[in-house]
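Numbers here are sequence positions counted from 1.
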Amino acid sequence: VQLQASGGGLVQAGGSLRLSCVVSGRTSSLLFMGWFRQAPENEREFVALISRSGVTTIYADSVKGRFTISRDNAKNTVYLQMNSLKPEDTAVYYCAADPGGIVRTPASYNYWGQGTLVTVSS
């Protein structure tokens with residue numbers, strides 16, 4: 001399984017970005033998918049998770065109400081719509097796959113993308 005994340009960039013506080021993660025090598029509909037982020041000198045932290053069907057979504061408290069995770073299984077793509085961005089959202093964002101269930105622990109995910117940098121200026 002290969003994951004390719006894209007969509008990061010520089011945005012002002014209050015702005016929006018949409019990240020994409022394309023899955024190849026395996027049918028994405030078989031996979032729970034998640035987004036994580038890692039700021040400099042911080043540990044990688046959970047952002048959002050989506051179930052195989054897309055019915056179930058879970059968010060970190062810090063992004064709830066501002067970020068939306070979604071998926072298009074026909075395109076083998078998972079998205080993270082980020083609105084009302086804050087400087088503290090600045091980080092490298094990673095998509096991840098196949099945790100085997102609804103879990104927030106990075107170590108539980110078997111596949112990772114390369115990361116895409118999001119920078120939010122104040």
Check: [X] side chain, [Y] main-chain N or O, donor-acceptor pair, under 3.5 Å:
X: Ser53; Y: Val55; value: yes
X: Arg52; Y: Phe32; value: no
X: Asp98; Y: Asn110; value: no
X: Thr90; Y: Thr119; value: no
X: Arg104; Y: Glu45; value: no

So which atom in [X] and which in [Y] form the shortest heavy-atom distance, rounded to 0.1 Å?
X: Pro106; Y: Arg44; value: CG-O, 4.0 Å
X: Ser122; Y: Pro87; value: CB-CG, 3.9 Å
X: Leu31; Y: Ala97; value: CD1-CB, 4.0 Å
X: Leu80; Y: Val47; value: CD2-CG1, 4.1 Å

Would you indicate whether the side-chain heavy atoms of [Y] and [X] approach each other to under 4.5 Å?
X: Asp72; Y: Tyr79; value: yes
X: Thr77; Y: Met33; value: no
X: Arg66; Y: Asp89; value: yes

Before accepting this row, confirm whether a basic side-chain N of the pair Lys64/Asp61 lies closer than 4.0 Å to the acidic partner's carboxylate O.
yes

Given Gln2 and Tyr111, is the side chain to side chain contact (heavy atoms under 4.5 Å, CB included) satisfied, shown in steps?
CA-CA 7 Å; Gln2 292 81 43; Tyr111 305 102; over 6 Å; no

Give the table of side-chain donor-acceptor pairs shorter than 3.5 Å for residues 8-23, with sequence neighbours excluded, one pair per line with atom names and distance.
residue: Ser16; atom: OG; partner: Asn83; partner atom: OD1; Å: 2.9

Between Val1 and Leu3, is the side chain to side chain contact (heavy atoms under 4.5 Å, CB included) condition met? List the steps.
CA-CA 7 Å; Val1 177; Leu3 308 178; 4.0 Å; yes

I'd like to know whether Leu49 forms a side chain to side chain contact (heavy atoms under 4.5 Å, CB included) with Thr57, so could you lay out the CA-CA distance, the side-chain angles of the two residues, the decisive distance to 0.1 Å, and finally the verdict.
CA-CA 6 Å; Leu49 162 72; Thr57 56; over 6 Å; no

Hey, what do you get for CD1 (Ile50) to SG (Cys95), rounding to the nearest 0.5 Å?
13.0 Å

Output the distance between atom CD (Glu88) and atom OG (Ser62), rounded to the nearest 0.5 Å.
9.0 Å

Holding to ring-ring contact (aromatic ring centres under 6.0 Å, His included), I want the full list of residues that pass it with Phe36, two or more places apart in sequence or in another chain.
Phe46, Tyr109, Trp112

For Val92, what residues pass the side chain to side chain contact (heavy atoms under 4.5 Å, CB included) criterion, not counting sequence neighbours?
Tyr94, Leu117

